[in-house]
Amino acid sequence: MSAIGFVNGTFMPLEQATVSVEDRGYQFGDGVYEVIRTYRGVPFQVEAHLARLARSAQAIGLSMPYPNREWHDLVAEGLKRAGFAEGKVYIQLTRGVAPREQAFPDESRPTVVMTVRELQPRPQAVCDAGVEAITLDDIRWGRCDIKSVNLLPNVLARQRAKEAGVFEAIFVLDGVVTEGSISNVLVVRHGIVATAPEGARILSGVTRSLVLDLARKERLPVEERAVSLEELRHADEVFLCGTTVEVLPVVRIDGRVVGTGKPGPLTGRLSERFKQAVT
Ligand code: PDD
């Protein structure tokens with residue numbers, strides 16, 4: 001079992017996977033990506049991730065290098081070669097190698113990278129206890145729906161969270177909660193599940209969609225609308241969701257207790273439904 005790399009059509013041990021220093025992904029962050037994980041060894045929601053990759057690519061003027069059925073085979077092949085019980089597949093598409101000039105090169109071939117690493121499932125105790133978060137100004141650009149490799153604000157936010165000894169940084173733009181640095185944020189108040197609507201200010205999370213579907217199936221009222229920082233602070237329950245985060249209760253924000261200070265009942269219900277859905 002070992003981590004696997006894939007560069008422009010060739011699989012190799014991850015430590016041998018390299019790209020040029022003139023790659024526009026490296027020079028400008030001129031690229032897009034996806035993160036897919038497995039459950040019981042099977043990659044989860046590959047189609048949804050590929051659909052978003054295609055949307056992100058199109059938004060920056062790149063085309064998908066492979067049709068979806070080929071992507072499925074490549075992901076499966078990478079996972080097979082790596083041989084981990086659970087894997088995390090990272091796919092990155094950049095505008096390729098060209099002399100450094102901001103405008104698109106006349107000719108370039110996208111660089112296609114995939115890595116497959118071992119995924120360590122989050123201990124149940126963490127979900128049972130819930131996590132803490134801080135809020136930070138959302139200083140990101142106006143197209144957060146594009147899953148761009150330009151992640152500097154997210155990197156800085158997550159570092160702030162780490163230094164604060166908490167799990168996640170929740171972005172707030174003009175008094176409105178957008179999302180976390182690696183997750184979407186959902187708020188429960190008076191039995192209503194509310195979260196930022198899809199649009200340019202958030203990443204349209206694959207997990208978010210699934211969780212909202214599950215909530216609707218549970219006949220919980222769901223509101224996709226602007227959620228204010230005030231509402232976040234006075235929520236009965238808050239939870240995060242994302243590919244690596246799954247459904248994760250937040251029990252403290254900026255040092256203040258959320259609800260009872262314990263993961264709430266609706267979060268617990270959705271977390272259970274989520275577990276059933278992924279296996
Ligand atoms: N990020 N919002 C942001 C800013 C994210 O980076 C992510 C996931 C999500 C959740 O999306 P999804 O449910 O489709 O994973 C929301 C990945 C995992 C990452 O960058 O590592």
Side-chain angles (χ1 to χ4, degrees), residues 29 32-37 45 48-49 51-53 55-56 59 90 122 127 130-162 164 166-189 192-215 222-235 237-254 258 264 266-267 270-271 274:
V32 292
Y33 76 102
E34 278 299 322
V35 178
I36 302 171
R37 62 163 290 166
Q45 298 215 309
H49 285 285
R52 188 172 60 194
L53 184 65
R55 285 202 306 278
S56 296
Y90 174 81
R122 192 179 308 289
C127 308
V131 297
E132 291 192 41
I134 52 171
T135 57
L136 289 179
D137 277 346
D138 193 343
I139 57 163
R140 300 174 302 159
W141 71 324
R143 288 300 305 273
C144 299
D145 54 319
I146 300 172
K147 202 161 170 59
S148 153
V149 296
N150 276 284
L151 287 172
L152 196 49
N154 306 57
V155 165
L156 297 178
R158 203 149 168 76
Q159 178 60 22
R160 289 273 296 275
K162 187 177 170 185
V166 305
F167 178 78
E168 180 61 307
I170 296 174
F171 289 125
V172 177
L173 182 68
D174 299 332
V176 170
V177 176
T178 52
E179 62 183 330
S181 69
I182 60 157
S183 62
N184 291 112
V185 178
L186 294 91
V187 167
V188 180
R189 193 144 189 239
I192 300 169
V193 181
T195 191
E198 287 184 298
R201 291 297 171 188
I202 66 159
L203 183 74
S204 174
V206 169
T207 320
R208 173 188 178 280
S209 296
L210 173 63
V211 167
L212 292 182
D213 282 350
L214 294 172
V222 170
E223 293 178 359
E224 294 178 70
R225 59 163 175 83
V227 174
S228 70
L229 177 59
E230 270 309 290
E231 284 179 86
L232 181 77
R233 292 209 192 290
H234 296 109
E237 305 177 32
V238 174
F239 63 97
L240 311 171
C241 72
T243 296
T244 52
V245 169
E246 303 179 280
V247 171
L248 195 56
V250 180
V251 293
R252 223 172 234 277
I253 297 175
D254 295 331
V258 175
L266 290 194
T267 306
L270 289 172
S271 177
F274 181 79

Arg37 bridged to Glu246 by N-O distance under 4.0 Å: yes

Atom pair CD1 (Ile170) and CG (Leu240), whose distance is rounded to the nearest 0.5 Å: 6.0 Å

Qualifying residue for side-chain contact (heavy atoms from CB on, under 4.5 Å) with Val131, from Val166, Val245, Leu248: Leu248

N-O pairing of Asp145 and Arg55 below 4.0 Å: no

Donor-acceptor under 3.5 Å (Arg140 side chain, Arg201 main chain): yes

Candidate pair Arg208 and Glu224, rule salt bridge (Lys or Arg N to Asp or Glu O under 4.0 Å), full reasoning: CA-CA 11 Å; Arg208 173 188 178 280; Glu224 294 178 70; 2.7 Å; yes

Polar side-chain atom of Glu237 near backbone of Leu266 as donor-acceptor pair, under 3.5 Å: yes

Passing option when Leu232 is tested against Val250, Val176, Thr135 for side-chain contact (heavy atoms from CB on, under 4.5 Å): Thr135

Evaluation steps, side chain to side chain contact (heavy atoms under 4.5 Å, CB included), between Asn150 and Trp141: CA-CA 10 Å; Asn150 276 284; Trp141 71 324; 5.9 Å; no

Flag, side chain of Glu179 to backbone of Leu203, donor-acceptor distance under 3.5 Å: yes

Basic-acidic side-chain contact under 4.0 Å: Lys147, Glu34: no

Within-4.5 Å side-chain heavy-atom neighbours: Asp254 and Ile134: yes

